[in-house]
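We name chains A, B, ... by the order of the sequence lines, and we start the count at 1 in each one. Values in this document were obtained by computation on a predicted structure and should not be read as measured data.
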Amino acid sequence: MSDNARDGAFDDWLDAVEDGEGYYVECENGHGWLPPRRVCPDCGSRDLTETPLAEAGEVATYTEVSVATPQFSADTPYVTAIVDYGPVRVTGLLRGVDPDEVEVGMPVGIEAGERETTGDRAVVFRPR
Amino acid sequence: MSHPRVTGVGLTHFGEHSERTGRDLFAEAGLAALDDAGVDPDDVEALFYGNFMGELAEHQGHQAPLMAEAVGLDVPATRYEAACASSGAAVREAVRHLRSGEADVILVGGAERMTNIGTAGATDALSIAADDLYEIRAGMTFPGAYALMARAYFREFGGSREDLAAVAVKNHDHALPNEYAQLRTEITVEDALGAPMVADPLGLYDACPITDGASAVVLTSADYAAEHDLDAPVAITGTGQGGDNLALHDRETLARSPAASEAADEAYGDADIDSDDVDIAEVHDCFTIAEVLAIESLGLYEPGEGIGAARDGKTHATGETPVNLSGGLKAKGHPVGATGVAQIVSLAKVLTGESTWSDDVSDASVGVAHNAGGTVASATVHVLEVRE
Ligand SMILES: [Zn+2]
């Protein structure tokens, strides 16, 4: 996958996350989405602006994955979480905490990390 | 409205057939359905076919014409892909064609090969029903996604791994007499709780197996069935489909499946019934938590109430509204593209008295099939009713 062409707005977004400048796109009605988006699926607005992600989000739900796809075989077991950043939620790998210690509501920050198996970049959350 | 009839049904055994090609599996099910229907194959006007991972599992796209050929039909053939709801979507399109008068006889079916690519390969192939950029690259697997929903459900409504285990125990029990089922073994709650974790809180026994298999039904217009004096008492009286954001994190709620609720509301309205009229249901229990979400979406239980239904015996064959008398995906098996049509087959058999469970539900006249794609970004619901 590393040799593939960049995935446009997704890789731009991940670059920003890597630089500590993560963002989401927001319509004038406050609906938040991850890029790329040309229209808000909730209200149809096409006026979307880049808005900074908060310093920390809260774990909304998580799982420790024991049976993975081949692209994650060396990462197994690992924790995947959905984190709530207010108007937008993001899915990523939760690191830096014992899986038994993870709690819903726990504050986490976002960064770009690497998959152990392939070296590809991935969204990583760490406890704040 | 004139409702299409389920005129013939066919299944392969669901299980491991790793050395059989998809075309051979579908030919077996399709020919069985045509024989069961007793229609002249020359009268079949189209094949609507469901398949999800053919490119990955068999390096075979463009499967529909291949499958028409496999059953000896020279008709227009189209593949429908909506992840695990692929053949549910195919049924819906066939119902709409038959109702509009555009066709009188349509073969609808599905097939999937999965065991030949192994557990890791199948996990990978199934995962592509999720959002590649934002979910798969974050390690999301199909079981992982349902685990995220299970934990969100527990948090919002309560419930435990024991409650989920009761769903698995019930569906294994239902599969015992089903000769087409993959897992015909009795299990206990303790077995389920002691099984290895796949993605916590879901263990191996919370998950459906990896399955090869095919399914087919011959659907005919009511007029055609009458003109040809066909024995086809079961009609599809309602159809509905709902959709949602593909990525789980974009959904308003992680503990419900609104796409299935929309599909159910539409299908019930179409059939002019409500959830109280439902006697039996075949629902998409790819994971134990999925059955809980399904019976709530179908309006059989309020949100938060479905978690105790299996534990309390309400969804067992002997309970108030039996769910998954076939064994469900959990024990019957889940050859992805074949699943939606297999649910129609199972319901039709129960309603016509051909199932070993028919005696236990002898008053049943209304059955509902719930077929979900991915984490329920797609859902179809069909209502089947006995009409002499
Ligand atoms: Zn909006």
Note: vs chain A, highest number of non-hydrogen pairs under 4.5 angstrom among Asp124(B), Thr119(B), Leu254(B) is Asp124(B)
Applied to residues 47-64 of chain A, the salt bridge (charged side-chain N to carboxylate O under 4.0 Å, His left out) test, sequence neighbours excluded, yields Glu55(A)-Arg128(A)
Which of Thr141(B), Thr123(B), Leu148(B) touches chain A most, by non-hydrogen pairs under 4.5 Å | Leu148(B)
Among Asp7(A), Asp75(A), Asp120(A), whose salt bridge (charged side-chain N to carboxylate O under 4.0 Å, His left out) with Arg137(B) holds?
-> Asp7(A)
Honestly, the part of Tyr62(A) sitting under 4.5 Å from a heavy atom of chain B is both
Of the listed residues (Thr63(A), Thr80(A), Val67(A)), which shares the most heavy-atom pairs with chain B below a 4.5 Å separation?
-> Thr63(A)
Counting only heavy atoms closer than 4.5 Å, note whether Asn245(B) contacts chain A via side chain, backbone, both or neither.
-> side chain
Check whether Pro35(A) gets within reach of chain B through its side chain, its backbone, both or neither, counting any heavy atom under 4.5 Å.
-> both
Ion pair Lys330(B)/Glu291(B), N-O distance below 4.0 Å | no
For chain B, which of Leu93(A), Leu14(A), Val123(A), Leu34(A) has the most heavy-atom pairs under 4.5 Å?
-> Leu34(A)
Residues Asp212(B), Arg113(B): salt bridge by 4.0 Å N-O rule = no
Select, from Trp33(A), Phe10(A), Tyr78(A), the one with the greatest count of heavy-atom pairs under 4.5 Å involving chain B.
-> Phe10(A)
Sequence neighbours excluded - salt bridge (charged side-chain N to carboxylate O under 4.0 Å, His left out) pairs with any residue from residues 19-42 of chain A | Arg37(A)-Asp250(B)
Salt bridge check: are Arg126(A) and Glu111(A) linked by an N-O gap of less than 4.0 Å?
-> yes
Hey, is Asp200(B) close enough to Arg151(B) for a salt bridge, meaning N to O under 4.0 Å?
-> yes
Ile136(B) versus chain A, the contacting section by heavy-atom distance below 4.5 Å | backbone
